[in-house]
Amino acid sequence: MQPPSRQDYVSLSLPGLESGGYNNSKQWRRQSCWRKWKQLSRLQRSLILCIVVLLFIFGLATYPTVTEHLRGLGDGEQDTDSKDIPGPTFPPLLPEPDKMAQSALPEQTSQRKLSTESRPVLHNHLQRRGNASEVVAENKAAVVKEDLEEGVTGSWHGPLVDTNQATGGAKSKEKDDSPDDQEAKLPQDSASRLEEVRQAFRHAWNGYKQFSWGHDELRPISKTYSEWFGLGLTLIDALDTMWLLGLKEEFEEARAWVATELTFDKNVDVNLFESTIRILGGLLSTYHLTGDALFLDKAKDIGSRLMPAFNTPSKIPYSDVNIGKGIAHPPRWTSDSTLSEVTSIQLEFRELGRLTQDPQYEAAVDEVMKQIHKLDGKQDGLVPMFINTNNGQFTHQGVYTLGARADSYYEYLLKQWIQGGKKDHQLLEDYLQAIEGVKKNLLQKSSPHGLTFVGELSHGQFSPKMDHLVCFLPGTLALGAHNGLPADHMDLAKELMETCYQMYVQMETGLSPEIVHFNMHEGSTRDIEVKLADRHNLLRPETVESLFYLYRFTEDHKYQEWGWEILQNFNKYTKVPSGGYTSINNVRDPEYPSPRDKMESFFLGETLKYLYLLFSHDPDLVSLDQYVFNTEAHPLPIWPTAA
Ligand code: DMJ
């Protein structure tokens, strides 16, 4: 078959395509422009030429400014990729200090200004002061120096109530003269900070009162409530906070509800641990603070109704009790109880026993401690996370953490020892051994800044994972040091306190996630990583709790400043306008932290209480030499020692 001849095609005559090809089209455009130029009048051509010349002259005159401006922007772009910025999967955390200052300058692009304005003012302490090991070295040096000056060798003694200090006559033990500390010690308005906490409490309380009065927890977004035990949990947890904050009106209305509405004669299952620390602990402490027998009566009622939990083959209590029927049981899926749960009810039951003179309460909880003291399966004083209620043996052995399911075991070893007048050597030994176990097995430093953190151990394998819950530990270590335990406990408390603060400061909202992972390998660009599933914040208290202890014992105002930042960020990201505060899903997204629609009772019982005590300059407002706080922040008296 013959190929079709040229004439068989329909010829489309497009200018510039006639000779085919891209180059010819360019040529066509040039010719066409020239034709158009020639068609213009002489006057039109002169005008256009004048404009072009003027533009050229103007361009030359402004050349340096424009290039400088462009260079400036270019530098900014480059810095975004600098070594201080985290790896490719995560957005930048914090600009360096000089860049933070620059970001406030008017020359910055509007986009950059916007993102800066939408963030809270965050201070990265490590970036301000150099690297963490320098900070640690400074702290240690200060302590050693002071110990030498004071002749203290074996233990650390924080300032107790010292009249000299009150008049400004004596130098506090932990004071140093670093510029940062001087900055932090500038006169500050403690009264207005206390008022700010009161306002936060009132806001939380108003939400609870409007939408969930008499129920367990507020759901502030949907303006309703959730029920856990159906016992007015938030109201009871918050009683002593209201008393301490001087919120008399609110306290009186809550008291009236306890007097007329609260009944434990209900067919409900409650968790032994949670109802002991929140309800029994809350009622006992309110009784002690107010002297009002109503609260003692209610404490006796709930305490006696919880006792069936101890009727197990091993005497290790079940996790749940039906307080109406007097029947206890383990969770449906196991006969195990959680370690922290069975070992963090002792302060409350011992105190109930002392007040009622009924020996059954103390005997029941002491038995648990005695058994655990003797059990095999610990590693250097660290305990597994579960215990079987039938045979009284540890289960799921080989996993050790200071976080969820074990945390308050360690806290209550020390606090029971303090509660009982520091006489029970077994408790003290177990505590000291456990802290040595933490140092040996769980303590590591992060990279690049050398933050000290407490990881986890699983069958000999170390994991650099730390729950926010672990941030109770700096406070507990400091409390131990204050009570005469080794000085290095206080050093460690300060290091861990810094780490817990960094868990807040390094997040875009300035609020800590529930769990963090620390980088340990050389060349890491940042210390803290957060997994997607761990980005929530439940308004937890542990960090502000520890800040309170550290401030009480050191009088270093930086701890108050850190707590102040945290309160402001709670206000910024978790406060619900119609009333209440909400836990959030994402501490890394300041634009949309994503409310979870729940205000936990411990926000009123613990978080706001510890913030208030932190900002107070009065060491006698719940003196730590007279009271010991239970794990839900309810102060119980340290027992008077027999003469
Ligand atoms: C509280 O109920 C107690 O502090 C408990 O020991 C741990 N969990 C919450 C607060 O985070």
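One-based numbering, in listed order, for ligands and for the atoms of each.
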Task: Any donor-acceptor N/O pair, Ser546 side chain to Thr543 backbone, under 3.5 Å - done: no
Task: Asp336 side-chain N/O to Phe386 backbone N/O, donor-acceptor pair under 3.5 Å - done: no
TODO: Check each of Lys415, Glu606, Glu411, Glu542 against Thr631 using the side chain to side chain donor-acceptor pair (under 3.5 Å) test, and report the only one that passes.
DONE: Glu411
- [ ] Look at Lys439 together with Glu436 and state whether they make a salt bridge at an N to O cut-off of under 4.0 Å.
- [x] yes
TODO: Tell me the residues surrounding ligand 1, counting only those with a heavy atom closer than 4.0 angstrom, sorted by chain and number.
DONE: Ile277, Arg278, Leu469, Arg540, Pro541, Glu542, Phe602, Glu606, Thr631, Glu632
- [ ] Using a strict 4.0 Å threshold on nitrogen-to-oxygen distance, state whether Asp380 and Lys378 make a salt bridge.
- [x] no
TODO: Go through the steps to decide whether Tyr610 and Phe629 satisfy the test ring pair (Phe, Tyr, Trp, His ring centres under 6.0 Å), and finish with yes or no.
DONE: CA-CA 10 Å; Tyr610 281 128; Phe629 284 88; 5.6 Å; yes
